[in-house]
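A short worksheet on the structure shown next.
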Amino acid sequence: MARLVWLASYPKSGNTWMRALIANFTADAPAPASINALGPLLGSGAREPFDEWAGVKASHLPSSLVDRLRPEVYRCVARSEKDNVYVKVHDAWRLTPSGEPLFPADVTHGVEYIVRNPLDLVASNAHHAGVDLVTAAEQLCDPEYTLARPEQGLPSQLPQKTLCWSGHVRSWLDLSPLPVHLVRYEDLHRDTPGTLAGVVRFCGLEPEPARIRKAVAFSEFSELSRQERERGFRERRPNSTAEFFRKGQIGSWTEELPSELARRVVDAHHDTMERFGYLEQAAVPVGP
Amino acid sequence: MPPAPPTIPSVSSQCAISLPAFLADVEVLRGPVSCALEVPTARGILWEASPGELTLAVPDVARYAVSQGRRVTYDPAPGATTKEIDWMFRLLPLAALLYQRGLLPLHAAGAADDSGAVLLAGGSASGKSTLMAELVRRGFKCLGDDVAPVELDAQGRPIVLPTYSQVLLWEDADRKLAVESRPSGMAVGPQRLVDLCDRFEERARPLKAIFRLTSQDGIAEADSPSTGADLFRRVTRLLYNSQVCETLADRARHLNLAAAVASRVPFHSLPRRGTTWNVPAIADRVLDALGGRGCRG
């Protein structure tokens with residue numbers, strides 16, 4: 001039976017880049033992996049695995065029952081595979097209505113949790129979701145925020161509760177009993193080979209230097225961006241106002257985010273930002 | 001789940017399950033259903049399967065047992081309506097019956113005109129039913145929603161068998177399409193079951209094209225795959241519930257069917273952008289691909 005490695009992050013924190021790195025490392029192929037086929041990775045909110053393993057479509061079931069059944073879907077996936085399965089997760093860690101962890105420990109190898117400066121997330125999420133900066137900032141601060149809510153028509157994914165940014169971070173790092181390997185997006189940026197080696201080691205694999213170097217080269221922002229320009233990217237949202245692989249930079253918030261919105265984010269997430277060293281970089285006056 | 005008492009089939013005078021005409025020989029019984037098979041080969045959360053057998057327990061609706069392609073037994077949950085029991089049968093239990101009988105159930109809605117059938121395939125939320133209803137509005141007839149039975153005719157050509165005239169539509173789709181229909185009195189969340197009875201095709205039709213809808217912004221797959229294996233994979237990924245298929249399908253017959261579809265039926269990809277209302281434009285593309293059949297919107 002396989003184990004699941006949860007690649008967990010708040011949206012736009014570098015999850016896709018991480019998946020590309022892992023896919024290119026595990027494939028060890030002569031050419032970069034396609035961004036539209038990053039190996040046997042699946043998303044925690046994917047409908048098809050739920051519909052198939054439950055035998056009843058999620059769209060035909062009450063949402064509370066869908067939540068209760070999701071841990072069993074992940075157990076079925078683990079049972080059906082031989083090698084570890086990497087699962088993209090944007091949900092916050094939480095319990096289902098029946099009091100069971102949504103992400104079951106008995107089939108979990110561990111969690112790679114990717115954290116990114118929330119100030120950089122505002123513009124990134126705004127472009128991705130096709131909303132303005134104010135809305136994106138409010139979503140980051142909304143403790144009830146849920147991705148893929150059925151508002152008009154049926155979303156392609158199951159609803160995923162993210163909470164606010166700091167709620168999401170704390171849920172995985174402080175509330176979940178799962179073994180967690182923390183990756184700061186900024187560290188991945190500054191030292192991709194070293195950070196990837198730590199990721200690979202946590203996943204139970206040997207970080208052979210040549211394979212690490214190749215995975216890094218095949219997953220560079222320029223490569224991911226080139227593939228998107230040439231072939232499109234299936235995870236880019238229909239309402240998005242920019243490419244999915246937009247900038248891939250650290251600190252672009254200083255150019256993109258009005259100071260009042262930066263202050264709003266810092267006010268809402270002060271303690272968690274301080275914990276990861278983001279407050280010192282913020283240099284935004286806190287308070288009036 | 002503890003095993004229920006042994007199944008003792010009994011016949012009820014009021015059968016909740018309606019069968020398509022081509023399945024008239026299947027026996028439908030109402031009676032206790034044990035959802036625990038003796039030796040399950042595959043097991044999901046609410047279903048179990050072994051060669052020739054499938055059981056499914058739908059919470060608050062019914063338990064179903066589908067056996068050897070010849071018998072369906074259902075055990076209603078307290079308070080479940082016949083419409084709910086019938087509707088849930090038309091999904092996985094129907095697909096299981098078709099696998100057991102050697103047919104190929106594709107996860108698709110079907111529409112037909114005089115020259116043949118088109119299948120609109122894709123996962124949940126891809127827009128199959130809405131697009132099918134739009135084609136019906138433009139002069140096609142409905143072959144069925146969600147599960148499309150495909151088999152070969154006497155000349156070895158793929159044909160689609162008709163199932164049901166009812167289709168599940170979102171409320172706004174039902175209103176905007178203004179398809180001539182009758183409400184069926186059943187809702188599944190914000191979706192309504194509507195009956196396209198006056199626009200239902202009762203004959204099996206030759207399969208002329210498959211359109212695969214994707215609900216994400218991407219990538220239109222190349223319409224010219226590079227190998228026979230690619231062609232074959234395109235068809236098999238459209239099968240209804242691949243986990244159940246592994247256990248229930250007669251592998252040799254199944255491969256033969258899939259290969260016939262892959263080699264004879266044109267395949268088109270239709271990336272659909274989000275939940276915005278662009279169904280008429282997608283329907284135009286379907287008609288263009290078919291050489292202008294039906295009337296444009």
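Model, not experiment: these values are computed from the prediction. Throughout, protein chains are lettered first and strands after them, A, B, ... in sequence-line order, and every chain is numbered starting at 1.
Listed by chain and number, the residues in a side chain to side chain donor-acceptor pair (under 3.5 Å) with A/Ser63 amount to none (sequence neighbours excluded). With sequence neighbours excluded, no residue satisfies salt bridge (Lys or Arg N to Asp or Glu O under 4.0 Å) with B/Glu53. For A/Arg3, there are no salt bridge (Lys or Arg N to Asp or Glu O under 4.0 Å) partners two or more places apart in sequence or in a different chain.
Of the atoms belonging to B/Pro93, not a single heavy atom falls under 4.5 Å from chain A. With a 4.5 angstrom heavy-atom cutoff, A/Arg79 touches chain B only via side-chain atoms.
Taking 4.5 Å as the limit, some side-chain heavy atom of B/Leu168 sits within range of a side-chain heavy atom of A/His60. Taking 4.5 Å as the limit, every side-chain heavy atom of A/Leu65 sits out of range of all side-chain heavy atoms of B/Asp60.
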Practice task
Take A/Val73 and B/Ile45 through the side-chain contact (heavy atoms from CB on, under 4.5 Å) test and state the conclusion after the steps.
Solution key: CA-CA 7 Å; A/Val73 174; B/Ile45 304 169; 3.4 Å; yes
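Between the OG atom in A/Ser80 and the CD atom in B/Glu246 there is a gap of 10.0 Å [rounded to 0.5 Å]. Between the NZ atom of A/Lys57 and the CG atom of B/Leu92 there is a distance of 10.5 Å, given to the nearest 0.5 Å.
By the neighbour-count criterion of 12 heavy atoms within 6.0 Å, atom CD of B/Glu38 is sparsely surrounded, having that number or fewer from other residues, nucleotides or ligands. Annotation: A/Arg94, atom CZ; neighbour count of heavy atoms from other residues, nucleotides and ligands within 6.0 Å is above 12.
Residues of residues 46-55 of chain A lying under 4.5 angstrom from chain B, judged on non-hydrogen atoms, are A/Arg47, A/Asp51, A/Glu52, A/Trp53, A/Ala54, A/Gly55 by number.
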